[in-house]
Each structure stands twice: as C-alpha cells, then as structure tokens.
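Small disclaimer: the values here were computed from a predicted structure and weren't measured. In what follows, every heavy atom counts, from backbone to side chain, and hydrogens, waters and symmetry copies are set aside.
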Amino acid sequence: MDTTTYDVIIIGAGPVGENVADRVTQGGLSAAIVERELVGGECSYWACIPTKALLRSGAAFRAARDVPGAREALTGGLDVAAVLGRRDAFAAHWKDQNQVSWLDQAGISLYRGQGRINSTRTVEVTGDDGATTVLTARHAVVIATGSGALVPDIAGLREAEPWTNREAAAAAAVPDRLAILGGGAVAAEMATAFAGLGASVTMLVRDGVLPRAEPFAGDLVVESLRDAGVTVRLGTEATSVTREADGTVRISLTDGEQIEADELLVATGRVPNTQDVGLDAVGLTPRAWLEVDDTLRVLAADGAPIGGGWLYAAGDVNQRVLLTHQGKYQARAVGDVIVARAKGDPVQDRPWGRHVATADQRAVPQVVFTEPEIASVGLTAAAAAATGMRIRVIDQDLGAVTGSALHADGYRGQARMVVDEERQVIVGFTLAGPDVAELLHAATIAVVGEVPLDRLWHAVPAFPTISEVWLRLLEAYGR
C-alpha cells in the first residue's frame with residue numbers, strides 16, 4: 001500500500017483543524033487534513049454560523065420595536081421563510097466547495113474519509129468507497145475532531161429521534177410546539193430563536209438557565225424568555241420519552257406530568273468525537289476526552305506526552321474550552337509550536353507565551369445571543385472566590401447609562417466587575433443587556449493584559465455610548 005508523507009497531518013477539518021493547517025503551512029511545513037464530513041465543521045454548518053443567522057433577524061426586530069419611530073414602521077412579524085433562507089445562505093446550503101477552494105489556495109492537501117491513527121505518526125484514511133490511504137507525518141499528528149451532542153440515558157429518548165443542535169440549526173420548518181431539554185447556551189439560544197419564529201417553546205431545565213454564568217444573567221434571560229411566551233420549567237427532569245405514530249413527542253417528567261411537543265431538542269452537553277480515530281493504537285481509550293499539556297500535546301496515562309510528543313489535540317476534543325474561538329486560539333498555538341519544534345527554534349511555553357493557550361484558564365470570552373445578550377470573560381464572582389482570591393464585586397445598572405437609554409426605550413441590563421484586591425486587576429467581567437456583545441473585547445483586553453485599575457481610570461469611554469458603564473464601575477470601585 002502506497003504511503004504519502006507530510007510534515008503534519010490533521011484529523012478534522014473544522015475551524016480548529018483548518019487553523020492548525022494554515023499556521024503550519026505559513027511556517028513552511030507541508031500539511032494534510034482529513035475530514036469525514038464537510039470541510040468547515042460543526043461551526044460552519046450546524047452551530048455558530050447558522051444559529052446566529054437564525055437569531056439575528058429576531059434581534060433586529062426587537063431592536064426596532066424598542067425605538068419609537070422605528071417601531072411604527074413594523075407592520076407584521078418575522079418572515080420565517082426569509083429567515084430560514086438567510087440561514088441557508090450562511091450555511092452555504094450545506095456544501096463545502098468554498099472551504100475546499102480555500103484549502104487548495106493555501107496549499108493544504110485534503111483527504112476525505114475517516115482518519116484513524118494506526119501507529120506512530122501514521123494515519124489511515126478510509127474513504128466512503130472503502131478505499132484506504134496511508135499518510136505518514138514527519139513531525140506531528142493533530143486530532144481536531146471536535147465534539148458531538150450528548151444524548152442522555154433517558155428511557156426511549158434515542159428511539160424518539162430527538163433533535164440535537166444539528167437538526168435545530170438546519171431545520172427546514174418551524175415546529176408548532178418545541179420542547180427543549182437543557183438550560184445552557186444552546187438551549188437558551190434556540191428557545192429564543194424558535195419562539196421568535198412563532199413556535200410554542202417549553203424548556204425543561206434541571207440545573208438552571210445558564211448555570212455557569214453570573215446568577216443575574218440567567219435570571220434576566222429567564223424573565224425575557226417568559227415575556228416572549230416561553231414556558232421555562234426549572235428543576236425539572238424527564239424520566240421517559242416516546243414518539244407517537246402521528247409524530248407527537250411525549251415527555252414524562254419526574255413529577256408525573258407529561259409534556260407533548262412536535263419536536264424535542266436535546267441540549268444537555270457534549271461528548272468528544274474520539275470514538276473512531278485510533279486512540280487505542282496509542283494506548284488511549286476511544287470516546288474519551290484527550291488530556292493535553294500546556295502546548296497541547298496529548299498525554300498518556302502517566303502524564304507524559306505520547307511517544308515523546310508527536311500527537312496533539314486542539315479544540316473541543318481536549319475539553320479545555322468548548323468554544324470555536326477558543327479552539328482557533330489553541331490551533332494557532334499548536335501550529336506555531338509544531339513549526340518551532342520542527343525547526344529547532346525556542347519553545348515559548350511560559351504563561352502567556354506564544355506556544356501555550358494560557359487564556360483557556362484565565363480569560364475565556366463568551367457571548368450567549370439570547371435576549372438580553374450575555375457577554376462575559378474570565379471568572380465569575382463565585383469561581384474567583386473558590387480559588388481563595390480576595391475579591392471585590394462591583395455591579396452597575398446598565399440601563400442607567402445614558403448610551404443605554406438612547407439605544408432603546410426601557411433598556412434593562414447589568415454589568416459586573418470582579419476585582420482581585422491583591423493585584424488591583426479585573427479577573428472577571430459580565431455584561432447582560434441588548435447588544436452588549438460588541439462591548440466584550442474591551443473587558444477581554446483588561447483581563448488578559450492585567451491592566452491595573454488606576455491605569456484603566458485613564459481609558460475614557462466616549463459619550464454617549466453604553467461603554468460609559470466602565471466609568472460608572474470604576475467610580476463605584478473608588479468610593
């Protein structure tokens with residue numbers, strides 16, 4: 001069997017794998033990428049891009065509704081067909097020609113099929129036709145296969161063929177009744193989107209809505225969802241699920257009640273896509289998350305890099321942070337460190353060095369595109385306190401800022417700054433309010449840069465913008 005050799009082989013052509021390959025080729029190495037589905041991965045077709053397209057029309061509608069003058073121009077509700085059509089365009093109609101063309105232009109070789117590690121630095125690719133190709137890496141193999149939806153062990157759930165994020169993101173029609181299991185970002189966003197598109201939505205939430213965010217964020221989102229007609233059932237668990245012959249889904253709850261829906265979306269977590277990538281060939285367990293060191297090399301059970309360090313894992317698959325932008329951040333570190341090691345250049349593996357993903361632990365930004373939007377970076381107050389850090393928490397009514405009042409009538413929101421009192425720097429920041437997503441990067445820079453509060457005092461926010469909340473927070477801190 002013929003074997004083709006490259007400097008680096010990447011299994012998985014989502015945003016993370018693409019970015020690894022790009023950094024490697026820019027560094028002068030050759031790269032091959034293996035993909036069993038669509039080039040562009042989950043984010044492009046079944047997650048970030050299509051879901052935000054579904055959400056954007058509703059957000060624009062609500063923004064117009066909340067401003068006199070614009071409100072009067074509204075003569076109806078959302079055009080569902082137009083919303084779904086725009087979503088289809090952003091998902092490239094689930095075709096990957098443009099992404100493949102980019103790989104060609106970047107000089108990255110693409111192999112379609114299932115990639116499996118079968119020995120040191122060797123990957124076997126099985127195509128849809130059963131044909132097998134063997135690829136060998138001179139320097140590194142990178143696993144970037146991402147994650148899939150977790151379907152919990154609830155009686156009858158799998159047999160009922162529920163939606164996951166994929167079916168929700170690609171839905172060809174809006175169900176009259178949609179039930180959602182879960183209360184995280186996917187659940188909250190899809191409840192927002194489908195309620196806006198006219199569905200009757202019921203959320204069945206065991207552990208709270210947005211349980212990892214600051215409590216006020218989840219409270220505001222629940223209030224908004226209920227105002228939009230969503231039924232939010234907190235502290236609720238499903239015991240069994242059946243789909244009737246007419247397509248109706250019946251969900252039995254722990255209290256004996258039954259909920260009926262036309263579709264059921266399961267949004268209760270993620271599992272690693274490592275079930276068929278050859279982990280057993282390197283002494284690891286299939287279907288497991290991959291533990292990595294600070295330069296994202298995969299570790300064996302004894303904590304040492306596999307085979308001396310030729311195997312890497314980036315993105316969701318290492319369970320550090322399950323967010324596309326953070327996976328791409330890891331990909332840049334992985335690509336650059338592989339090039340450095342291949343060329344014998346120094347490895348910058350100190351905290352905040354070029355070849356490590358320090359922000360994964362200290363400064364992860366995230367936006368949940370609900371109504372209101374929730375934008376956060378760094379630690380919540382509870383998480384910071386749990387580290388033993390001496391903190392001070394400053395809250396500010398975001399609606400009291402002049403820019404917010406101008407932005408929308410009845411603007412409601414909140415901002416929170418979590419300060420490490422020993423170092424006088426911000427370690428966490430959360431914003432909840434309409435259109436706060438674009439305010440987040442200023443907070444991210446403050447947290448990553450560990451900018452002292454006395455220096456932030458000189459970062460003057462323009463008036464009248466919502467960013468003036470920074471001045472109000474700093475004033476409150478100084479009192």
Salt-bridge criterion met for [X] and [Y] (N-O under 4.0 Å):
X    : Y    : value
E223 : R412 : yes
E37  : K95  : no
E291 : R320 : no

Is the number of heavy atoms from other residues, nucleotides or ligands within 6.0 Å of [atom1] ([X]) greater than 12?
X    : atom1 : result
R287 : CZ    : no
Q275 : CD    : yes
D246 : CG    : yes
F90  : CZ    : no
Q361 : CD    : yes
N98  : CG    : no
D255 : CG    : yes

Backbone of [Y] reached by a side-chain donor or acceptor of [X] within 3.5 Å:
X    : Y    : value
E237 : T254 : no
R177 : E263 : no
D66  : A408 : no

In terms of side-chain heavy atoms, does T202 have a donor or acceptor partner in R233 at a distance below 3.5 Å?
->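 There is no such pair (donor and acceptor under 3.5 Å, judged by atom type) between the side chains of T202 and R233.
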Taking atom types as modelled and ignoring hydrogens, do the side chains of T370 and E189 form a donor-acceptor contact shorter than 3.5 angstrom?
->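 Checked: T370/E189 side chains show no N/O donor-acceptor pair below 3.5 Å.
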Flag the pair [X] / [Y] as yes when at least one side-chain heavy-atom distance between them is below 4.5 Å, and no otherwise.
X    : Y    : answer
T192 : R62  : yes
R56  : R86  : yes
Y312 : V141 : no
I466 : H407 : yes
P434 : E371 : yes
L279 : I143 : yes
M190 : T51  : yes
F429 : L379 : no

Rounded at 0.5 Å granularity, tell me how far [atom1] in [X] sits from [atom2] in [Y].
X    : Y    : atom1 : atom2 : answer
H355 : I338 : NE2   : CD1   : 10.5 Å
R243 : I251 : CZ    : CD1   : 9.5 Å
L197 : L55  : CG    : CG    : 8.5 Å

The side chain to side chain contact (heavy atoms under 4.5 Å, CB included) partner of D316 among L322, V271, T324 is L322
Please report the C-alpha distance between Q414 and D397 in whole Å, then the side-chain angles of each, then the deciding distance to 0.1 Å, and finally whether the side-chain hydrogen bond (donor to acceptor under 3.5 Å, both in side chains) criterion is met.
-> CA-CA 5 Å; Q414 185 171 340; D397 176 4; over 6 Å; no
Please test Y111 against T133 for side-chain hydrogen bond (donor to acceptor under 3.5 Å, both in side chains), starting from the C-alpha separation and ending with a verdict.
-> CA-CA 9 Å; Y111 290 83; T133 303; over 6 Å; no
CA sep, side-chain torsions, deciding dist, call: R36, D128, salt bridge (Lys or Arg N to Asp or Glu O under 4.0 Å) = CA-CA 9 Å; R36 64 184 175 87; D128 291 340; over 6 Å; no
Are E18 and W102 close enough, and set up right, to give a side-chain contact (heavy atoms from CB on, under 4.5 Å), and what steps lead you there?
-> CA-CA 10 Å; E18 288 178 317; W102 176 82; 4.1 Å; yes
Relative to the ring of F194, is the ring of W163 parallel (under 30°), tilted (30 to 60°) or perpendicular (over 60°)?
-> tilted
